[in-house]
Protein chains: 2
Amino acid sequence: MITLTEENYIKAIYHLGNNGEETVNTNAIAEVMQTKASSVTDMIKKLSEKKYANYKKYQGVTLTKDGRFVAVNIIRKHRLWEVFLVEKLNFSWDEVHEVAEHLEHIKSEKLINQLDAFLEFPKHDPHGDPIPDKEGNFQHIEKIVLAKAEIGAVYKCVGVDDTSSSFLKYLDSNNIGLGTIIKIKHKEPYDNSIKIELKDSEIVVSQNVAKNLYLKKV
Amino acid sequence: MITLTEENYIKAIYHLGNNGEETVNTNAIAEVMQTKASSVTDMIKKLSEKKYANYKKYQGVTLTKDGRFVAVNIIRKHRLWEVFLVEKLNFSWDEVHEVAEHLEHIKSEKLINQLDAFLEFPKHDPHGDPIPDKEGNFQHIEKIVLAKAEIGAVYKCVGVDDTSSSFLKYLDSNNIGLGTIIKIKHKEPYDNSIKIELKDSEIVVSQNVAKNLYLKKV
DNA sequence: AAATATTTTTAGACTAACCTAAAAATATTT
DNA sequence: AAATATTTTTAGGTTAGTCTAAAAATATTT
């Protein structure tokens, strides 16, 4: 059996290691887990014994295949619940994360697969992140940040980095959401603001915004 | 903060004490919690310190008002999730209990109230048990057990006592579910079996069945 | 390459929830 | 009411996950 705490460590290692690809160091885990490095060392040892992680003293940690599978499954559950909360229970996209952190640990194959079907097999969560399927596969869309978009090109909004309530509300008030099509009109070198064209308007967004909005070329 | 284990003990005390009304003894709790009496004593002391329970050594335990409120809230969550699982995710009524045991511990006011609204404020769970509202109030329907029904009278099935998978499957296979209308044809004194009339059939059910099916006069 | 700084690990201790075994209180039989 | 049985509590110990403080390894600066 895998405990709730173990699951959370595995998830943290997965995210910190760029989807389970890179080695993660102890202090980084301690920070996201809000705990002390010594506790992390203890847990890494346990995960290593249980074959979820590869660990060599002082050399950081990576996930095993089993560990990655656990991580991807938790992420699948987290993102499906987020879709449920937004689409069915009228949560706004900035309210879902905390509740989903708890729901993601409910262990029932049937529950999550039926939920997936009920939601009609969504491919992305409300923040634009991809949802792994039953087998743990998911397509990685190559998104770029608005700040690095090309002038003249047309893009679709596919996600955000900052999920703060204020940012998401700002986007809502400017009619920018997931799927919104925009065209890059002008980049102002002075303050790195960007003029973009929307369906029926043209707006200028600050550098801050440009750094936190993800796009995909269309 | 209240822990998951504390919540489960409170729920057990509530149910064992006939909805928080009667005194519950240590061994009974140990049995339903699948643990030892000494562990129960430890926990009761803790619940008592936290003002969820009234405890006097060797005299058993009752819930305080706070304790009852916690219990009713967990029951509200449990039953709402059961409705969700059956109505939206196509679980059958014998599959829901275990998953709901986990879902009932998710702590989010908004989640549960929105779920309630999404399900259109159901009054009963899939087994016919009443669902408390936000304030913890719920109406107690005066149900009787089939074994005590009057010959010739017409009833509606409103609940079950035994929620085992085998019993629920037996009912399904005989086309008996919540809301099914039945008429009492005959009571056999020899073995206490009962002949009942359904929509398009007449069947004889054993004493066992008669003791576990709840009815309401129509 | 030596000195210093940082990171990581070890050692020993804490809490929540559990256990076993024995003692104490209560209940039941004779 | 004395003897016996049952229930409940206490005492002391275990495990998972956490902590602090000190030691060890690694990395960085001079």
Side-chain angles (χ1 to χ4, degrees), chain A residues 1-18 22-63 66-67 70-71 74 101-102 104-105 107, chain B residues 1-18 22-63 66-67 70-71 74 101-102 104-105 107:
Chain A
M1 257 304 289
I2 188 163
T3 69
L4 188 146
T5 312
E6 286 166 1
E7 286 192 346
N8 281 328
Y9 271 94
I10 289 172
K11 190 176 56 148
I13 296 167
Y14 184 86
H15 282 131
L16 285 168
N18 192 30
E22 296 159 19
T23 299
V24 179
N25 48 284
T26 307
N27 272 349
I29 299 169
E31 198 186 325
V32 309
M33 292 298 293
Q34 301 262 66
T35 185
K36 294 297 150 80
S38 56
S39 306
V40 174
T41 302
D42 285 350
M43 180 53 81
I44 292 172
K45 281 181 183 168
K46 189 155 68 116
L47 293 177
S48 176
E49 273 163 29
K50 289 191 170 187
K51 308 282 182 216
Y52 293 122
N54 307 112
Y55 169 61
K56 281 212 205 81
K57 266 190 198 179
Y58 296 101
Q59 302 308 134
V61 65
T62 57
L63 291 178
D66 280 4
V70 169
I74 298 170
E101 288 286 296
H102 296 287
E104 72 187 8
H105 297 290
K107 286 176 189 64
Chain B
M1 257 303 290
I2 190 162
T3 68
L4 190 146
T5 312
E6 286 165 0
E7 286 192 346
N8 282 327
Y9 271 93
I10 289 172
K11 191 176 52 149
I13 296 168
Y14 184 85
H15 281 131
L16 286 167
N18 191 31
E22 296 158 19
T23 299
V24 180
N25 49 286
T26 306
N27 271 351
I29 299 169
E31 197 186 326
V32 309
M33 291 297 293
Q34 302 261 67
T35 184
K36 296 296 151 79
S38 55
S39 306
V40 174
T41 302
D42 285 352
M43 179 54 81
I44 291 173
K45 281 182 183 167
K46 189 154 68 117
L47 292 178
S48 175
E49 274 163 28
K50 289 191 170 187
K51 309 281 183 218
Y52 293 121
N54 307 113
Y55 169 62
K56 282 212 204 80
K57 268 192 197 178
Y58 296 101
Q59 302 308 134
V61 65
T62 58
L63 291 179
D66 279 5
V70 169
I74 298 170
E101 288 286 297
H102 296 287
E104 72 187 8
H105 298 290
K107 286 175 189 65

| said: Rounded to whole Å, how long is the line connecting atom NZ of A/K36 with atom C1' of C/dT10? | reply: 17 Å

Could you list the donor-acceptor pairs under 3.5 angstrom formed between side-chain atoms of residues 26-41 of chain B and any protein atom two or more places apart in sequence or on another chain?
from  : atom 1 : to    : atom 2 : distance (Å)
B/T41 : OG1    : B/A37 : O      : 3.2

| request: Please list, chain by chain and in numerical order, all residues satisfying salt bridge (charged side-chain N to carboxylate O under 4.0 Å, His left out) with A/K51, sequence neighbours excluded. | output: none

| query | B/N8: what forms a side-chain hydrogen bond (donor to acceptor under 3.5 Å, both in side chains) with it, not counting sequence neighbours? | reply | B/H105

| field | Between P of C/dA16 and CG of A/L4, the distance in whole Å | value | 18 Å

| said: Treating B/K45 as the side-chain partner and B/Y55 as the backbone partner, does any N or O pair qualify as donor plus acceptor under 3.5 Å? | reply: no

| request: Could you note down all residue pairs passing salt bridge (charged side-chain N to carboxylate O under 4.0 Å, His left out) where residues 7-16 of chain A supplies at least one of them, sequence neighbours left out? | output: A/E7-A/K107, A/K11-A/E101, A/K11-A/E104

| task | Go through the structure and list residues passing side-chain hydrogen bond (donor to acceptor under 3.5 Å, both in side chains) with B/K57, not counting sequence neighbours. | result | none

| Whole-Å distance separating the CE atom of B/M43 from the P atom of C/dC19 | 11 Å

| A/N8 CG - D/dT18 P separation (whole Å) | 9 Å

| query | Starting at the 5' end of DNA chain C, what dot-bracket string do you get if Watson-Crick and G-U pairs under 3.5 Å are bracketed, crossing pairs use [ ], other-strand pairs use | and unpaired bases use dots? | reply | ||||||||||||||||||||||||||||||

| field | Set of side chain to side chain contact (heavy atoms under 4.5 Å, CB included) partners for B/T5, sequence neighbours left out | value | B/T3, B/Y9, B/M43

| B/D66: what forms a side chain to side chain contact (heavy atoms under 4.5 Å, CB included) with it, not counting sequence neighbours? | B/Y52, B/T64

| Letter per nucleotide, 5' to 3', of nucleotides 7-12 of chain D [B base touched, S only sugar-phosphate touched, - untouched; heavy atoms, 4.0 Å] | SBBB--

